[in-house]
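One structure is given below, encoded as structure tokens.
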Protein chains: 2
Amino acid sequence: MLQATEQILLDEGYAAVSTRRVAAVAGTDKALVHYYFGTMDDLFIAVFRRNAEHGAERLREALASPQPLWSVWEAMHDQSSTALMTEFIALANHRKAVKAVMVDNSRKFRRMQLDGLATVLESYGLDPKEWPPAAIIVLLSGISRYLRTDEAFGVGLGHDETVELVERHIAALEGPRARTKRSK
Amino acid sequence: MLQATEQILLDEGYAAVSTRRVAAVAGTDKALVHYYFGTMDDLFIAVFRRNAEHGAERLREALASPQPLWSVWEAMHDQSSTALMTEFIALANHRKAVKAVMVDNSRKFRRMQLDGLATVLESYGLDPKEWPPAAIIVLLSGISRYLRTDEAFGVGLGHDETVELVERHIAALEGPRARTKRSK
DNA sequence: GTCTATAGCTGGATAGAC
DNA sequence: GTCTATCCAGCTATAGAC
């Protein structure tokens with residue numbers, strides 16, 4: 001049922017998520033959605049938490065890898081989680097309970113990124129005065145999300161140039177990406 | 001009625017936009033919404049177009065100003081239009097007609113930014129090989145939108161550092177901002 | 001745990017009086 | 001142009017049979 005909800009969020013947007021639709025996609029009954037999750041808020045929160053935990057897990061792995069900067073950049077650059085996040089951001093606009101959970105989670109996530117990357121960046125000889133790690137993280141996050149949103153719309157102008165620029169700078173700090181996923 | 005719709009989008013999210021709500025906020029009747037705009041798709045498109053025209057107008061002005069880079073950055077950095085855009089992006093996920101209009105508009109807008117800033121950036125001595133104008137625009141747009149989204153959530157970690165970093169680089173190219181809106 | 005039934009509401013859209 | 005009335009669909013949520 002969590003899976004079904006996620007699917008509907010991605011395919012049709014949050015407004016299409018209803019007990020009926022979820023039940024239909026999950027192949028069960030709409031009354032059971034209430035039985036297991038209570039209200040719709042609770043259902044959304046459950047889906048969000050599951051996703052947030054997955055994201056935190058990926059972040060932990062990325063930070064522990066031999067090329068943390070590359071790994072974090074690639075972990076951010078995930079289409080489906082970005083699209084899901086977009087839906088949740090819009091959803092939070094009129095669901096207070098969901099928003100509260102999201103704000104709390106965002107703060108923790110950002111803190112985790114910062115604690116993990118600050119020492120790494122400093123060890124690369126980056127002057128924290130000129131290039132604050134917190135700013136680097138915000139930059140990478142913002143760029144990544146923007147690119148994915150654009151892509152979802154089929155707008156790609158400036159896309160390649162931006163990725164090339166960012167990755168050139170990452171490579172300058174951390175060396176070329178070891179296990180190349182994208183051949184450039 | 002366009003104004004009312006915009007207000008609801010900002011305050012309560014797109015799912016709250018209904019003929020009843022729009023009529024209530026606009027102080028009119030729900031049947032009139034259909035009379036003037038036809039379907040809900042048409043209403044959303046009308047609101048979007050009105051906003052897009054306003055955005056294009058601001059961009060034109062910014063590009064014509066003595067400090068185009070600063071002006072474009074500030075024009076991007078507008079809270080209400082960013083929040084509205086976020087709603088429209090989510091909305092477009094399940095309204096084909098709205099999406100089509102938005103994609104078309106996004107392409108034109110990006111093209112306008114690119115045509116306007118490419119020569120400016122080159123005149124500042126920026127090597128287009130190392131810093132492609134298209135990438136600069138995507139960077140600034142992404143960062144700006146991300147910051148605003150964060151702010152709406154009350155997450156501000158790394159915010160100040162990022163703005164400082166970006167504006168330091170803009171100042172290096174175009175000189176200090178002439179008419180300071182933000183005292184630093 | 002699972003399904004049926006139903007209450008009670010809000011939604012888009014149209015027809016027709018004025 | 002404006003308002004009332006109305007149709008029908010979909011929604012959340014709960015009660016109760018099995």
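Note that the structure is a prediction, hence the values are computed from the model and not measured. No hydrogens, no waters, no symmetry mates; every other heavy atom, side chains included, goes into these values. Chain letters run A, B, ... following the sequence lines, proteins first and then strands; every chain starts at 1.
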Would Arg110(A) and Asp150(B) pass as an ion pair if we require N to O under 4.0 Å? yes
For residues 117-125 of chain B, which side-chain N or O atoms pair as donor and acceptor with protein atoms under 3.5 Å away, sequence neighbours left out?
unit_1: Ser123(B); atom_1: OG; unit_2: Val120(B); atom_2: O; d: 2.6
unit_1: Tyr124(B); atom_1: OH; unit_2: Glu174(B); atom_2: OE2; d: 2.5

Hey, are Glu87(A) and Asn93(B) close enough side-chain-wise for a donor-acceptor pair under 3.5 Å? yes
Taking only residues two or more places apart in sequence, or in another chain, which ones meet His54(A) in a ring pair (Phe, Tyr, Trp, His ring centres under 6.0 Å)? none
Taken in chain and number order and not counting sequence neighbours, the residues that satisfy salt bridge (charged side-chain N to carboxylate O under 4.0 Å, His left out) with Glu53(A) are none
I'd like a table of donor-acceptor pairs (distance under 3.5 Å, sequence neighbours excluded) in which one partner is a side-chain atom from residues 35-49 of chain A, with atom names and distances.
unit_1: Thr39(A); atom_1: OG1; unit_2: Asp41(A); atom_2: N; d: 3.4
unit_1: Thr39(A); atom_1: OG1; unit_2: Asp42(A); atom_2: N; d: 3.3
unit_1: Thr39(A); atom_1: OG1; unit_2: Asp42(A); atom_2: OD2; d: 3.2
unit_1: Asp41(A); atom_1: OD1; unit_2: Arg95(A); atom_2: NH1; d: 2.5
unit_1: Asp42(A); atom_1: OD2; unit_2: Thr39(A); atom_2: N; d: 3.3

What contact category does Val22(B) fall into here, base, sugar-phosphate, or nothing, at under 4.0 angstrom with non-hydrogen atoms? nothing
So, are Arg58(A) and Glu61(A) salt-bridged, with charged N and O less than 4.0 Å apart? no
Using the side chain to side chain contact (heavy atoms under 4.5 Å, CB included) criterion, which residues pair with Ser71(B)? Sequence neighbours excluded. Ala62(B), Ser65(B)
Which residues, if any, of residues 86-93 of chain A bring a heavy atom under 4.0 Å of DNA chain D? none
Taking any atom closer than 4.0 angstrom to a non-hydrogen atom of chain B, what span of DNA chain C does the protein reach, first nucleotide to last? dG11(C) to dT14(C)
In which stems does DNA chain C show up, taking only runs of three or more Watson-Crick or G-U wobble pairs whose two distances fall under 3.5 Å? C:1-18 with D:1-18
Those residues at least two apart in sequence (or on a different chain) that pass salt bridge (charged side-chain N to carboxylate O under 4.0 Å, His left out) with Asp11(B) are none
Validation: residues 127-136 of chain B side-chain donor-acceptor distances under 3.5 Å, sequence neighbours left out:
unit_1: Asp127(B); atom_1: OD1; unit_2: Lys129(B); atom_2: N; d: 3.0

Can you find a heavy atom in the side chain of Gln113(B) that is under 4.5 Å from one in the side chain of Met76(B)? yes
So which of residues 32-50 of chain B are in contact with DNA chain C, with a heavy-atom cut-off of under 4.0 Å? His34(B), Thr39(B), Met40(B)
For Arg21(B) and Gln7(B), which I'm curious about, is there any donor-acceptor pair between the side chains at under 3.5 Å? no
Polar atom pairs between nucleotides 5-7 of chain D and protein, under 3.5 Å, N or O only, would you list them?
unit_1: dT6(D); atom_1: O4; unit_2: Lys30(B); atom_2: NZ; d: 3.2

Say whether Glu167(A) and Trp70(A), considering side chains only, have a donor N or O and an acceptor N or O under 3.5 Å apart. no
Can the ring centres of Tyr14(A) and His94(B) be said to be less than 6.0 Å apart? no
State, with a plain yes or no, whether a side-chain heavy atom of Glu74(B) is found less than 4.5 Å away from one of Arg177(B). yes
